Amino acid sequence: MTQAQLAALTRPRQPAIPRHCTFDPRDWEILSRYWHPVAFAADVQDKPLSVTLLDEALVVYRTQGRIVAARDVCPHRGAPLSQGWVENGNLVCPYHGLAYEASGKCVHIPSQPEGPIPERLCLTTYAAQEAYGLVWVSLGGGDVSLPDFPAWNTEGYQQILPPSIDIRASAGRQTEGFIDVAHFAWIHHDSFTDRHNPVVPQYSVERRPNGLRAEYVSTVSNFPKSMQHRAPDGFVWRRVFEVDVPFFARLTVHFPENGRLAILNAASPVSARHTRLFVPIARNFDQDLPLDDVYAFNRQVFEEDRAIVELQCPEDLPIDRSQEAPILADRSSGAYRRALGEIGLGQTYVR
Ligand code: FES
Ligand SMILES: [Fe+2]
């Protein structure tokens with residue numbers, strides 16, 4: 001039997017709702033079917049790492065060339081396995097030393113080395129994979145495919161992984177903010193925009209089976225303020241937003257001289273009110289400039305967003321558009337909310 005088959009056998013078909021779940025249970029179940037990022041791939045090594053996804057505490061580690069994600073609760077007496085260590089490829093619990101192989105099965109009980117090993121001593125494991133410099137987990141089995149971020153693996157593109165950002169807001173609010181073109185002039189006037197250029201020209205939004213594609217053409221520069229002289233006079237900026245529900249949003253910005261900047265806004269729903277934002281970036285220009293400048297600019301822009309998104313009320317994203325008052329510039333938000341509604345998310349998904 002392969003390791004994948006073993007993992008499938010030990011994986012629950014219907015994951016249990018976490019004890020202190022902050023989501024509506026039906027919405028939690030829907031969100032659990034999708035892939036969400038939980039950590040940088042480089043941070044997942046043989047030292048167990050503690051992360052939280054959809055209110056579920058997880059332990060994530062790498063052993064024998066594969067990534068394992070499991071509920072961070074030892075089935076013996078409930079100790080956190082993330083406090084343990086990996087030895088001979090097995091995860092060792094710090095409390096009584098029970099060792100679990102990558103499939104989740106207990107293979108050693110130090111206090112009774114000759115056995116028996118009860119069948120119930122088996123971890124709850126989840127589907128995990130590595131992509132775009134991140135580790136992704138699906139609590140519901142990973143039957144839905146992980147969406148593409150093609151620029152990441154395109155030859156000639158530099159891969160950049162700025163530090164993650166923790167936001168006290170829902171992943172839906174954050175993701176909608178990422179595709180919102182009307183806020184540029186107001187929230188980002190210190191970093192790259194201009195309050196005197198607030199008009200949003202009409203733009204196209206197309207619904208896709210799993211989300212949407214919006215194409216926004218404007219005179220809003222994407223260079224940081226200190227570099228805006230680099231765009232020729234009258235340069236027209238093209239931004240293409242592509243979203244896969246629930247929280248996988250890509251932005252491709254067309255720079256002068258065929259420069260392309262591709263940003264993946266990968267919002268991880270830690271809880272209904274807490275998002276960990278990962279932003280893998282790929283670009284085909286400026287590859288000799290210091291990465292620290294990219295990290296600083298990225299942080300400035302997303303901190304500007306964070307400051308307002310954390311204050312929005314209600315804190316969850318109303319799926320029913322009649323709860324707020326949309327304007328013409330909100331076409332992409334409207335399509336996003338419709339797409340979330342179509343996968344079954346409710347009017348509100350915070351408890
Ligand atoms: S609680 Fe983990 S070995 Fe006892
Ligand atoms: Fe923004």
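Basis for what follows: all heavy atoms, side chains included, without hydrogens, waters or symmetry-related copies. What you see is a predicted model, and the numbers here were worked out from it, not measured in a lab. Counting convention: from 1, in listed order, for ligands and their atoms alike.
Protein heavy atom nearest atom 1 (S) of ligand 1, with residue, atom name and distance: R77 N, 3.3 Å.
Protein atoms that are N, O or S and lie under 2.8 Å from the Fe ion (ligand 2) are these: H183 NE2, H188 NE2, D305 OD1, D305 OD2.
Here the straight-line distance linking atom NE2 of H229 with atom CZ of F223 works out to 8.5 Å at 0.5 Å rounding.
Under 2.8 Å from atom 4 (Fe) of ligand 1 lies an N/O/S atom of H96, whether from backbone or side chain.
Per-residue contacts place C93 under 4.0 angstrom from the following atoms of ligand 1 (heavy atoms of the residue considered): 1 (S), 2 (Fe), 3 (S). Contact atoms of ligand 1 toward C74: 1 (S), 2 (Fe), 3 (S) (distance under 4.0 Å to a heavy atom of the residue). Near A79, with a cut-off below 4.0 Å to any heavy atom, the atoms of ligand 1 are 1 (S). Distances below 4.0 Å separate heavy atoms of Y95 from the following atoms of ligand 1: 1 (S), 4 (Fe). Against a heavy-atom cut-off of under 4.0 Å, L98 is close to the following atoms of ligand 1: 3 (S).
Residues H183 and G177 approach most closely at CE1-O, 3.2 Å, considering heavy atoms. Closest non-hydrogen pair, S332 versus L212, comes out as O-CD2, 3.7 Å. Annotation for G346 and I319: closest pair O-CG1, 2.6 Å, computed over non-hydrogen atoms.
At distances below 3.5 Å, not a single donor-acceptor pair connects side-chain atoms of S145 with backbone N or O atoms of P147. Put simply, the side chain of N284 gets close to the backbone of R260: a donor and an acceptor are under 3.5 Å apart. Of the possible donor and acceptor atoms, none in the side chain of K105 sits under 3.5 Å from a partner among the backbone N and O of L123. Within the 3.5 Å criterion, the main-chain N or O of Y157 finds no donor-acceptor partner in the side chain of T154.
By the 30° and 60° cut-offs, the orientation of the rings of F297 relative to F192 is perpendicular.
Applying side-chain contact (heavy atoms from CB on, under 4.5 Å) to S32 and the options L139, I17, D27 leaves one that passes, L139.
Atom ND1 is the N, O or S atom of H76 at the shortest distance from atom 4 (Fe) of ligand 1.
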